[in-house]
Amino acid sequence: MVLLKRGQIRLYNTLTRKKEFFKPIEDKIVKIYACGPTVYDYAHIGNMRAYVFEDLLRRVLEFNGYKVIHVMNITDVGHLTSDADTGEDKIEMSARKRGKSAWEIAEYFTKMFFRDTDRLNILRPHITPRATQHIDDMIKFVKTIMEKGYAYIIDDGVYFDTSKLKNYGQLTGKNFEELQKTLKAGARVEFNPQKRNITDFALWKFSPKNVKRQMEWDSPWGRGFPGWHIECSVMSMKYLGEQFDIHCGGVDHIPIHHTNEIAQSIAATGKIPARFWLHCAHLIVEGKKMSKSLGNYYTLQDLLDRGYDWRTIRFFLLSGHYRKQLNLTFKALDSARSAVKSLVDFIQRLSEVNADIYDEKISKMADKMVEEFVGYINDDLDMPKALASLFKYIRYFNKALNENRIGKRNAEEILNNLLELDRILGLKLNEFIEIKIPVEILKLVEIREEARKRKDYETADKIREEIRRRGYIIEDTPSGPRIKKAYTA
Ligand code: AMP
Ligand code: ZN
C-alpha cells in the first residue's frame, strides 16, 4: 500500500459515499462548519466523541499546512425534544425543570461545554455563533425561501415543502419515497396532519397558544422561534459563505438535520452549502446506546471522578476510527491509560539519554515513524492504523534503548518527531519533557535531602509521597535526586 504524503489527504464524503482526495475551494484555507451543542444539559462523553473527531480533522489539516477557519454554532433555542418538530424546546424544558430562566440555562451550559472541551484539549473553534443572536438573519433567510416558493404556513408554523426539491434527501442515499416510508416507520410521535409531506420541516414555529415562551420573537408570520435547522444554514453562510469546504457532525445528523440544511440552502442559493460532509459514528456503552434510563450515561466529569485523566479519555476517544462505533468500557479506558503511560515513559526515557553515539539507522527510523503516521492519518483519519504504527516504532526504539544503541542526538530527533505528531494527537506530551518544577516542589526535595542526610528515612519517604501526590516523582541517582512529572492517572 502506498502511503499518502504530507499535503495529500483523502476523506470519506457522505454526500458521494466515497473517499475523495481533499482540495479546498481557496488555496491553503479550509473552512469548516461543525454542528455544535444544544446547551440545555452537560454534554455527555458521546457528544465529546464528535468534538474530538472534529478537533482531529482540524489538527490534521493544520498539520498538512492549511489554515483552518472553524465555525461551530451554539444551539440555544429551537431544538425540540423530537426531531419531527414537535415536543418542547429543550432549553425551555431544562429551565422549567431546574427553576432557572432559559437564558441562564443556555449561558451556564455553554460555559460548561467549553470547560469540558478545554479539559480535553479540543481546540476552540475560531467563531462560535449563537442562534439567539442571529434571529433577524434567520427571518430574512426564511423570507427568501418563501419568496422562492418552497414554504407554506400551517397552524403551528412555517414549513419547508420537501417535495418541491428535485434531490431532497441525497445525503441519505435514499429517494423521496423511501424517505417518506422510513420516517413513517420510525415515527414515535404524531405528525401534524397539515404537513404536506412527512419529511417537511419547520422553518419558523409559532409559540404554542396559551403558552408564554421565554425565548420568542416577532416575525412577519407570527410570534415564535426558529426551526432547528435554519440556524446552521444561516450562520454557516454568514461566517463561511454560500459554499465552504467541510460540514461535520455525528451520523444522527445525516437523515434530518443535515438533509434539511442542504434543502434550505439549495432553495435559497441553489447550492449545497459544503463540498465535503463528514460524520462520526456514535459512541456506545458496553455495546448499548448511551441513555440516562439505562444508567450508562457518562459526562466527562463522571469519568474524571472515576480516576481517568483527560489524556486517557482523549486517547480513548481518538483511538477508534471515526466512522466506526466506539464502545466505551472500563477495560477500554484502562488500556487507553496504559497506552498513554507507555508513551510518557518512552519520552521520559528519551529525554534522559546522554550517550555520545549516533546511528544513521535510528535517525531514519525516527523519520519513518512520522511518515507512516502521517500516511495513515491522512487517509481518512485512520487513527487505529496510525497508532498501531506509532507503537510499533516505540517498541523498536525501546529495544534499542535497552541495548544502549541510542545517543543524545538520536534521542532528540525521536523526541522532536514525537512532539511533531503530538500536534495531531493533542496530548500535550511536551509537559513531560520541558518541565518547570514548581518552587514548592523544589523546596520539598531540599527538605527531603536534608532528612536523608540525617538518615531520617521515615520523613524522607513521607515527603516523597507528598511530592508524588502533587504530581512529581523523585528518582535518587548517584548525582543527586532527579525530578520527573508523574503520569498518575
Ligand atoms: P446535540 O447536542 O444533541 O445536538 O449533539 C451534539 C453533537 O454530538 C452532534 O454532532 C451529535 O451528532 C453528536 N452526538 C450525539 N450523541 C453522540 C454519540 N453517542 N456518539 C457520538 N456523537 C454523538
Ligand atoms: Zn447544525
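Counting starts at 1 for both ligands and their atoms, following the listed order.
With contacts defined as side-chain heavy-atom distances shorter than 4.5 Å, the pair L381/V60 qualifies. By the 4.5 Å heavy-atom criterion applied to side chains, V374 and K5 are not counted as neighbours. At least one side-chain heavy atom of D334 sits under 4.5 Å from a side-chain heavy atom of R337.
The cationic atom of R323 (NZ for Lys, CZ for Arg) lies less than 6.0 Å from the six-membered ring centre of Y12 and within 45° of the ring axis. Taking the centre and axis of the six-membered ring of F225, the NZ or CZ atom of R213 falls inside the cone set by 45° and 6.0 Å. With a 6.0 Å cutoff to the six-membered ring centre and a 45° limit on the axis angle, R10 does not count as a cation-pi contact of F22. Judged by the 6.0 Å and 45° rule, R196 forms a cation-pi pair with Y152.
Applying the 4.0 Å criterion to heavy atoms of G249 picks out, from ligand 1, the atoms 10 (O). Annotation for ligand 1: atoms under 4.0 Å from non-hydrogen atoms of P37 are 2 (O).
Under a 4.0 Å heavy-atom criterion, M48 is not in contact with ligand 1.
Looking at G36, C35, G46, A43, it is G46 that brings a heavy atom closest to atom 22 (N) of ligand 1. Closest heavy-atom approach to atom 14 (N) of ligand 1 within the set N73, L317, N47, L283: this belongs to N47.
Ranking protein heavy atoms by distance to atom 6 (C) of ligand 1, first place goes to Y51 OH, 3.1 Å. Ranking the protein heavy atoms by distance from atom 18 (C) of ligand 1 puts H282 CD2, 3.4 Å first.
At a cut-off of 2.8 Å, H258 does not coordinate the Zn ion (ligand 2) through any N, O or S atom. The Zn ion (ligand 2) has H257 among its coordinating residues (N/O/S atom, backbone or side chain, under 2.8 Å).
With the Zn ion (ligand 2) at the apex, C232 SG and C35 SG define an angle of roughly 130° (rounded to 10 degrees).
Checked against a 3.5 angstrom limit, the closest N/O atoms of A281 and ligand 1 fall outside it. Looking at G250 next to ligand 1, an N or O pair under 3.5 Å apart turns up. At least one N or O atom of T38 sits closer than 3.5 Å to an N or O atom of ligand 1.
Aromatic rings from F113 and Y51 are positioned such that their centres are separated by under 6.0 Å. Aromatic ring centroids of W228 and H253 lie under 6.0 Å apart.
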(request) Go through R314 and D55 one step at a time and tell me if the salt bridge (Lys or Arg N to Asp or Glu O under 4.0 Å) criterion holds. (result) CA-CA 11 Å; R314 181 177 170 94; D55 186 56; 2.8 Å; yes
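Contacts between D252 and ligand 1, counted as non-hydrogen atom pairs separated by less than 4.0 Å, involve the side chain only. Contact annotation for H253 and ligand 1: only side-chain heavy atoms (C-beta onward) come within less than 4.0 Å of the ligand. Contacts of K289 with ligand 1, taken as heavy-atom pairs under 4.0 Å, are absent altogether.
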